[in-house]
Amino acid sequence: MAMDWLKIREALAAPVGTAFCVKGWVRTRRDSKADGGLSFIALGDGTCFDSLQVVARRELANYESEVLRLTAGCAVEAEGSLVASAGKGQAVELAATELRVLGWVENPDSYPVSAKRHSFEYLREVAHLRARTNTFGAVARVRHCLSVAIHEFFDRHDFYYIHTPIITASDCEGAGEMFRVSTLDLLDLPRTADGQVDFDKDFFGREAHLTVSGQLNVETYCLALSRVYTFGPTFRAENSNTSRHLSEFWMIEPEIAFADLDADIELAEDFLKSILDVLLTRRADDMAFFDQRVDPGVVSRLRGIVDKPFRRISYTEAVDELGKAKRDFEFAVEWGADLQSEHERYLCEERFDQPVVVTDYPKEIKAFYMRLNDDHRTVAAMDVLVPRVGEIIGGSQREERLAVLEQRIREAGLPEKDYWWYLDLRRYGTVPHAGFGLGFERLVQFCTGMANIRDVIPFPRAPRQAEF
RNA sequence: GGCUCCGUAGCUCAGGUGGCAGAGCGGCGGCUUGUUAAGCCGAAGGUCGCAGGUUCGAUCCCUGCCGGAGCCGCCA
């Protein structure tokens, strides 16, 4: 075919009169007997939210035999020229001079993604086809946009992208249950003399798991390259059944040297604002859809976050605020206990109605590597809470003092010898440093207003859910 | 891991205290229309998640299993 192939995003922006061809999947088809007979085909190729209206007239050789048989999901290639639309609803449309069917839908009556509204629960069961719906197409483009914006932000601020391992032999921060990685034959396990499983015979010669965090590894590069980050898959074998948890998710973990908790919070705030701003600018089409159909008000909510400083509050102050709240909580609030979901939501949704950064938590409820404050009761930790999703970022200044860190590892009951290389960092040129972890899917949830985290990742993995 | 709820046509759902099932949308046929959540008419489409049990009789009651959802906990 001699004609240029334009993506639908390009076609919609082309000048009237341009001749080109497009390729995509039929969203809907409507027929009219006016003007001697013609059909309107909404064609989408995923390059933008909108579809292109292709007008196919009876004069086409295959009008009766093929055009009139098109249904949602058929793959077609159409060529013609762009004309000002004679109808309402779109500025331009493609007046087709030829239309070829590339792939039919075998059983239109049972095509899983027919031209009607489907529940997200149902679409999860046909995850291989749900990308063809406007919602999941929009989610995919938003994910991409945010990913790119994240890398751009870090690149602009002199951060290096470090690829930390997926398979790990250390139980890092004890961040949760881990998935075992093994090549041993489960039906015939090698045993040691005392009857234990002999992991010396396993692939790595020791127990290995999928990573629950790249933080400990990335700290090593932080203390050499100053500003680094990871952005990769993370695995938690927790039996979590909520709309905010996945067994496999993506996490962004920046780590900055010569920095304290304040610098860490500042980074988190700049970072979030920057990528939200990029999203609102570059994906205005998809965001308008989420604002209209999924979560009325998301766009202005995100806009407000970009424009306003975050609210900062210490854990101790947060406990006071919760104590003063004129409402009942299922769980009592007392100093020393971790904040419950209801408490976090009260703070960022009701009390302040904006992102809230809670700092300086009791050391007992936080990880061993977080820097002990001078009061010896709290650590330099921070959580960023946002409406609806709750904790979207968790971070801290790291304990850089060798003796204190060793003490904290002992208190946590962790095997000190497993952390020899992590402790080495405190022996050789230690320096104050800090970082945080951002759950990518929670970010996408927050940005789109999608209620369930399983609907913002292409193929969700959760307890009893690993199809596709 | 705890608590709660759900599983009826391709999809979304209705089916008062048991008597062999309905609607809307989709798909199909027709009419109308430069249409766009199109409109009107018509026909088709269901072993009421699976397996047992109670009963003269079960979509409806009981038990188990399978699948799904929500909230809480764990956290990102």
Side-chain angles (χ1 to χ4, degrees), chain A residues 27-42 50-57 68-73 83-90 93 95 105-126 133-134 173-177 212-215 233-253 293 329-331 338-342 344-345 365-367 383-386 389-395 436-446 451-454 457 462-465 467:
Chain A
R27 309 298 291 268
T28 61
R29 187 198 92 226
R30 291 175 295 275
D31 307 315
S32 172
K33 288 285 171 57
D35 291 357
L38 67 167
S39 292
F40 302 98
I41 297 150
D50 290 318
S51 49
L52 173 68
Q53 174 155 285
V54 175
V55 179
R57 294 186 177 274
L68 286 179
R69 288 171 49 219
L70 289 174
T71 57
V83 298
S85 180
K88 302 176 186 63
Q90 60 282 313
E93 62 195 20
V105 165
E106 285 191 9
N107 307 301
D109 55 326
S110 61
Y111 176 56
V113 192
S114 61
K116 83 172 285 295
R117 296 181 62 128
H118 299 282
S119 66
F120 292 147
E121 290 81 5
Y122 165 71
L123 290 171
R124 245 170 253 156
E125 293 169 15
V126 287
T133 64
N134 50 21
E173 50 184 293
E177 295 297 308
V212 292
S213 166
Q215 182 198 317
T234 304
F235 308 87
R236 304 271 166 97
E238 237 93 61
N239 190 10
S240 298
N241 292 290
T242 80
S243 56
R244 312 182 302 285
H245 290 84
L246 288 168
S247 306
E248 175 183 294
F249 63 99
W250 290 66
M251 188 153 66
I252 296 106
E253 297 174 290
R293 292 297 178 84
F329 292 113
E330 188 187 339
F331 294 90
D338 208 354
L339 299 181
Q340 304 288 316
S341 282
E342 57 174 342
E344 296 180 345
R345 297 189 67 149
I365 59 176
K366 287 293 182 182
D383 283 356
V384 178
L385 313 176
V386 296
V389 183
E391 184 182 341
I392 197 170
I393 284 178
F436 62 80
L438 169 90
F440 186 60
E441 282 72 22
R442 288 195 181 168
L443 173 70
V444 179
Q445 256 191 295
F446 179 60
N452 197 310
I453 201 166
R454 296 168 192 193
I457 188 168
R464 308 196 59 79
Q465 187 163 47
E467 186 79 44

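This is a predicted model, so every value here is computed, not measured. Lettering of chains follows the sequences in order, A, B, ..., and the numbering in each one begins at 1.
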* Asked: Which whole number of Å gives the distance between the C1' atom of B:C5 and that of B:G42?
  -> 39 Å
* Take the protein atom CG of A:Asp31 and the nucleotide atom P of B:A38, then report the distance between them rounded to whole Å. => 12 Å
* Distance only, no hydrogens: is a donor on one side chain within 3.5 Å (strictly under) of an acceptor on the other, for A:Thr28 and A:Arg30? -> yes
* According to the 5.5 Å centroid and 30° plane-angle thresholds, does A:Phe440 stack upon the nucleobase of B:A76? -> no
* To the nearest angstrom, how far is A:Glu106 atom CD from B:G10 atom C1'? -> 15 Å
* Asked: Can you find a pair of side-chain heavy atoms, one from A:Arg124 and one from A:Gln465, that are under 4.5 Å apart?
  -> yes
* When you measure from the side chain of A:Ser110, which nucleotide among B:G10, B:C11, B:A76 comes out closest? -> B:G10
* Heavy-atom donor-acceptor pair, A:Glu330 side-chain to B:G73 base, under 3.5 Å -> no
* Reckon A:Ser32 touches a base, only the sugar-phosphate, or nothing at all at heavy-atom distances under 4.0 Å? -> base
* Structure fact -> Checking B:G10, B:G73, B:C28 against the side chain of A:Thr71 (C-beta onward), the nearest is B:C28
* Of all the nucleotides listed (B:U33, B:A76, B:C75), which has the minimum atom distance to the side chain of A:Ile453? -> B:A76
* Start at the 5' end of RNA chain B and walk down; is the nucleotide closest to A:Phe40 or to A:Phe249 reached first? -> A:Phe40
* To do: Output yes when a side-chain donor or acceptor of A:Glu344 lies under 3.5 Å from a complementary backbone atom of A:Leu385, and no otherwise.
  => no
* Asked: Counting any heavy atom closer than 4.0 Å, what does A:Ile393 reach on the DNA or RNA strands: base, sugar-phosphate only, or nothing?
  -> sugar-phosphate
* Any A:Gln340 side-chain nitrogen or oxygen under 4.0 Å from OP1 or OP2 of B:C72 -> no
* Phosphate-side-chain proximity, A:Asn241 and B:C3, N/O vs OP1/OP2 below 4.0 Å -> no
* Taking the side chain of A:Pro108 as its heavy atoms from C-beta onward, which of B:G27, B:A76, B:A69 lies nearest to it? -> B:G27
* For atom P, what is the distance between B:G24 and B:A14, given to the nearest Å? -> 16 Å
* To do: Figure out the CD1/C1' separation between A:Ile365 and B:G73, and round it to whole Å.
  => 15 Å
* Structure fact -> note: A:Glu177, atom CD; B:C74, atom P; distance rounded to Å ~ 14 Å
* Between the main-chain N or O of A:Phe331 and the side-chain N or O of A:Glu342, is there a donor-acceptor pair closer than 3.5 Å? -> yes
* **Gap in Å between the two P atoms, one belonging to B:C66 and one to B:G27, rounded** => 37 Å
* If you check every side-chain atom of A:Ala34, which of B:C74, B:G34, B:U33 has the closest atom? -> B:G34
* State whether A:Ser341 places a side-chain N or O below 4.0 Å from either non-bridging phosphate oxygen (OP1 or OP2) of B:G73. => yes
* To do: Quote, to the nearest angstrom, the C1' distance that separates B:G49 from B:G7.
  => 6 Å
* To do: Starting at atom CZ of A:Arg29, determine the distance to atom P of B:G27, rounded to an integer number of angstrom.
  => 8 Å
* Tell me the partner of B:G18, counting only Watson-Crick (N1-N3 plus N6-O4 or O6-N4) or G-U wobble (N1-O2 and O6-N3) with both under 3.5 Å; none if nothing fits. => none
* Asked: With side chains defined as the heavy atoms from C-beta onward, is the minimum distance between A:Asp383 and A:Lys366 less than 4.5 Å?
  -> yes
* **Spacing of A:Phe436 atom CZ and A:Glu253 atom CD [to the nearest 0.5 Å]** => 10.0 Å
* For A:Gln90, report the nucleic acid contact type (base, sugar-phosphate, nothing); a contact means any heavy atom under 4.0 Å. => base
* Asked: For the base of B:U12, is there a side-chain donor-acceptor partner from A:Glu121 under 3.5 Å away?
  -> no
* To do: Ignoring the backbone of A:Arg30, work out which of B:G34, B:A38, B:C75 is nearest its side chain.
  => B:A38
* With heavy atoms under 4.0 Å as the rule, sort A:Leu443 into base, sugar-phosphate or nothing. => nothing
* **Proximal nucleotide (of B:G73, B:C11, B:G34) relative to the A:Lys116 side chain** => B:C11
* Compare side-chain N and O positions of A:Arg124 against OP1 and OP2 of B:A69 and report whether any pair is under 4.0 Å apart. => yes
* Asked: With rounding to whole Å, what would you report as the distance between B:A21 and B:C40 at their C1' atoms?
  -> 27 Å
* Asked: If we call it a pair only when both distances are under 3.5 Å in a Watson-Crick or G-U wobble match, what pairs with B:C74?
  -> none
* Nucleotide opposite B:C66 in a Watson-Crick or G-U pair, distances under 3.5 Å -> B:G7
* Is there a donor-acceptor pair under 3.5 Å between the side chain of A:Glu248 and the backbone N or O of A:Thr234? -> no
* Span that lies between the P atom of B:U32 and that of B:U59, in whole angstrom -> 45 Å
* Protein-nucleotide distance (A:Glu342, atom CD; B:C72, atom P), rounded to Å -> 9 Å
* Structure fact -> Side-chain contact check for A:Ser243: nearest option of B:C71, B:C72, B:U12 is B:C71
* Whole-angstrom distance between B:A9 and B:G45, as gauged at atom C1' -> 6 Å
* To do: With heavy atoms under 4.0 Å as the rule, sort A:Glu248 into base, sugar-phosphate or nothing.
  => nothing
* Structure fact -> Per atom distances to the A:Glu391 side chain, the nearest of B:A76, B:U35, B:A69 is B:A76
* Earlier contact from the 5' end, RNA chain B, for A:Val55 and A:Tyr122 -> A:Tyr122
* So what does A:Gly89 touch, heavy atoms closer than 4.0 Å: a base, only the sugar-phosphate, or nothing? -> base
* To do: Report which part of the nucleic acid A:Ala115 touches: base, sugar-phosphate, or nothing (heavy-atom distance under 4.0 Å, all strands).
  => sugar-phosphate
* **base_contact_polar (B:C75 base, A:Arg442 side chain, donor-acceptor, <3.5 Å)** => yes
* Is the backbone N or O of A:Val389 less than 3.5 Å from a side-chain atom of A:Arg442, with the two atoms forming a donor-acceptor pair by type? -> no
* **Side-chain-base donor-acceptor pair under 3.5 Å for A:Arg69 and B:G27** => no
* Structure fact -> Pairing partner of B:A44, by Watson-Crick or G-U wobble and under 3.5 Å for both distances, is none
* Give a yes or no on whether the backbone of A:Arg454 and the side-chain of A:Glu441 come within a donor-acceptor separation of less than 3.5 Å. => no
* Whole-Å distance between B:U33 C1' and A:Asp35 CG? -> 11 Å
* Which whole number of Å gives the distance between the P atom of B:U4 and that of B:C41? -> 47 Å
* **Residue A:Arg244, side-chain atoms from C-beta onward, closest of B:C11, B:C74, B:G34** => B:C74
* **Euclidean distance, atom CZ of residue A:Arg27 to atom P of B:A38 [Å, nearest integer]** => 12 Å
* To do: Report the distance from atom CZ of A:Arg244 to atom CG of A:Asn452, rounding to the nearest 0.5 Å.
  => 10.5 Å
* Is there a donor on the side chain of A:Ser114 or the base of B:C11 sitting less than 3.5 Å from an acceptor on the other? -> no
